[in-house]
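The structure presented is a predicted model; accordingly, all values stated were derived computationally and were not measured.
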Amino acid sequence: MAISRNGIHGWPSGKLGRVVYYLLRGQPVQRTIGKPGKPSLKQKANHESMAVVTRFLGRFKEYLNNGFELEARGTIRNQHNLAVSCNKKSALKGEYPNISIDYTKVQLSKGSLTNPENVRMKKVEGGLQISWDPLNALNQFGKGEQYDDCLQLAVYFPKRKSQIIELNFSKRGTGTAFLPLSEEVLESPMEVFLFLSAANHTSVSDTLYIGNLNGVLDEPKSTKHQENRVEDMGADIRFEQIKEQYYLQMKLRPEDRLPGKAFRSLEKEYLVLMNRYESTSRSRQRKPD
């Protein structure tokens with residue numbers, strides 16, 4: 001049963017037939033319930049694209065919170081959603097079932113602040129040295145540029161499936177930054193990104209891909225194991241969606257939540273997906289990719 005608290009012309013809340021109505025971030029939302037039919041090839045490709053992007057970006061949550069915070073202001077979308085939408089459109093390569101990340105086109109931030117020029121990186125004893133021109137070509141800071149703009153660094157290791165995130169790592173005006181790394185890590189394939197944010201948090205730059213070190217990791221061809229991973233990642237996406245809806249409901253007073261059966265259905269799906277997510281996560285930790 002759905003309830004319309006504002007009369008017959010108001011947005012309903014609850015379950016009506018196979019549709020559940022509720023508010024998400026202040027906006028009316030509806031979703032169908034029940035098992036979907038067999039997906040088409042196009043739908044499978046879309047699911048894999050979403051899964052690949054979501055899995056990759058899930059490693060950079062704190063970084064995305066900084067990089068897309070301004071872009072998310074005044075909208076009903078959060079930083080993660082904006083980042084997924086942006087990268088799903090432009091940062092993928094390959095065809096289903098072999099879709100992968102194109103690191104050269106990844107965007108972990110979005111804004112109008114100017115990035116530093118002539119960015120360079122090299123391996124040195126004990127770590128990674130990054131340098132850039134602290135001033136622009138006219139030997140003065142351009143529009144919006146400031147000496148104390150903060151460097152936000154992200155390094156991803158595809159083979160190790162790990163990342164290093166350094167927020168407020170250096171200042172634009174210093175022209176250099178050093179990231180300590182062990183010898184083993186320093187020799188691993190890595191993809192390096194940065195963006196700048198104003199010290200007063202009023203602007204950020206687009207992500208600058210600095211480059212790759214130690215070679216590109218070959219993408220494996222599709223296997224049954226990979227297909228299972230795609231299914232797992234699709235479940236992860238659904239879990240994140242349901243978790244957000246459930247947490248929003250739990251923040252409300254009991255009388256303002258979805259009515260009885262609709263809330264219990266949401267809670268049951270959340271608990272089932274949470275158990276599956278935790279079980280899958282433990283399995284991934286035990287088995288190498």
Side-chain angles (χ1 to χ4, degrees), residues 24 29 31-65 67-68 77-108 110 154 156-163 165 189 191 193 207 209 216-247 269-289:
L24 179 62
V29 175
R31 68 180 181 89
T32 57
I33 57 177
K35 294 183 178 180
K38 186 176 180 179
S40 65
L41 184 62
K42 186 175 181 180
Q43 288 174 319
K44 289 180 179 179
N46 183 61
H47 292 163
E48 186 188 18
S49 297
M50 180 65 77
V52 169
V53 170
T54 302
R55 175 63 59 82
F56 175 72
L57 294 180
R59 305 177 183 277
F60 300 92
K61 183 176 181 180
E62 190 175 6
Y63 202 73
L64 295 175
N65 286 343
F68 279 88
R77 308 180 73 183
N78 59 38
Q79 294 94 315
H80 180 78
N81 291 340
L82 288 170
V84 168
S85 177
C86 177
N87 286 278
K88 186 170 178 285
K89 291 177 182 177
S90 60
L92 291 176
K93 61 182 180 180
E95 301 291 337
Y96 175 82
N98 296 305
I99 297 173
S100 59
I101 295 292
D102 183 346
Y103 299 112
T104 66
K105 297 178 181 178
V106 164
Q107 286 294 312
L108 303 174
K110 190 169 182 60
Y156 179 59
F157 303 90
K159 186 175 182 179
R160 304 171 66 89
K161 297 292 189 292
S162 64
Q163 67 288 325
I165 295 173
E191 309 289 343
F193 312 87
T207 301
Y209 174 67
V216 177
L217 184 68
D218 291 335
E219 297 291 343
K221 296 298 181 181
S222 177
T223 63
K224 185 64 178 178
H225 173 60
Q226 270 194 299
E227 291 173 4
N228 291 337
R229 285 183 57 203
V230 170
E231 292 180 5
D232 289 341
M233 288 188 285
D236 290 350
I237 295 170
R238 181 62 179 164
F239 173 63
E240 291 298 329
Q241 294 171 339
I242 292 298
K243 181 173 71 172
E244 182 175 11
Q245 295 171 17
Y246 179 69
Y247 283 5
E269 185 174 6
Y270 164 73
L271 292 173
V272 169
L273 290 173
M274 181 184 68
N275 288 334
R276 176 175 176 177
Y277 176 82
E278 291 178 345
S279 176
T280 304
S281 296
R282 288 193 294 268
S283 177
R284 289 176 190 144
Q285 291 172 2
R286 290 194 297 265
K287 297 178 181 180
D289 255 345

Looking at OG of Ser40 and NE2 of His47, how far apart are the two atoms once the value is rounded to the nearest 0.5 Å?
-> 8.0 Å
Is it true that a side-chain atom of Ser85 and a backbone atom of Asn81 form a donor plus acceptor pair closer than 3.5 Å?
-> no
More than 12 foreign heavy atoms under 6.0 Å from NZ of Lys88: is that the case here?
-> yes
For the residue pair Tyr156 and Lys161, what are the closest heavy atoms and their distance?
-> OH-CD, 3.8 Å
For this output row, return yes or no: ring centroids of Tyr63 and Phe193 closer than 6.0 angstrom.
-> no
Output the distance between atom CG (Leu108) and atom CG (Leu57), rounded to the nearest 0.5 Å.
-> 6.5 Å
Rounded to the nearest 0.5 Å, what's the gap from NZ on Lys44 to OG on Ser49? Could you check?
-> 14.0 Å
Do the non-hydrogen side-chain atoms of Ile165 and Arg59 ever get within less than 4.5 Å of each other?
-> no
Got a second to check how far Phe56's CZ is from Tyr103's OH, nearest 0.5 Å?
-> 6.0 Å
Heavy-atom side-chain proximity of Pro158 to Glu191 below 4.5 angstrom = yes
Among Val106, Asp102, Leu92, Leu82, whose side chain to side chain contact (heavy atoms under 4.5 Å, CB included) with Asn87 holds?
-> Val106
Could you tell me which non-hydrogen atom of Ile99 sits nearest to which non-hydrogen atom of Val52, and how far apart they are?
-> O-CG2, 3.7 Å
At what distance, to the nearest 0.5 angstrom, does CD of Gln79 lie from CG of Asn65?
-> 4.5 Å
If you round to the nearest 0.5 Å, how far is CD of Glu48 from CZ of Arg55?
-> 12.0 Å
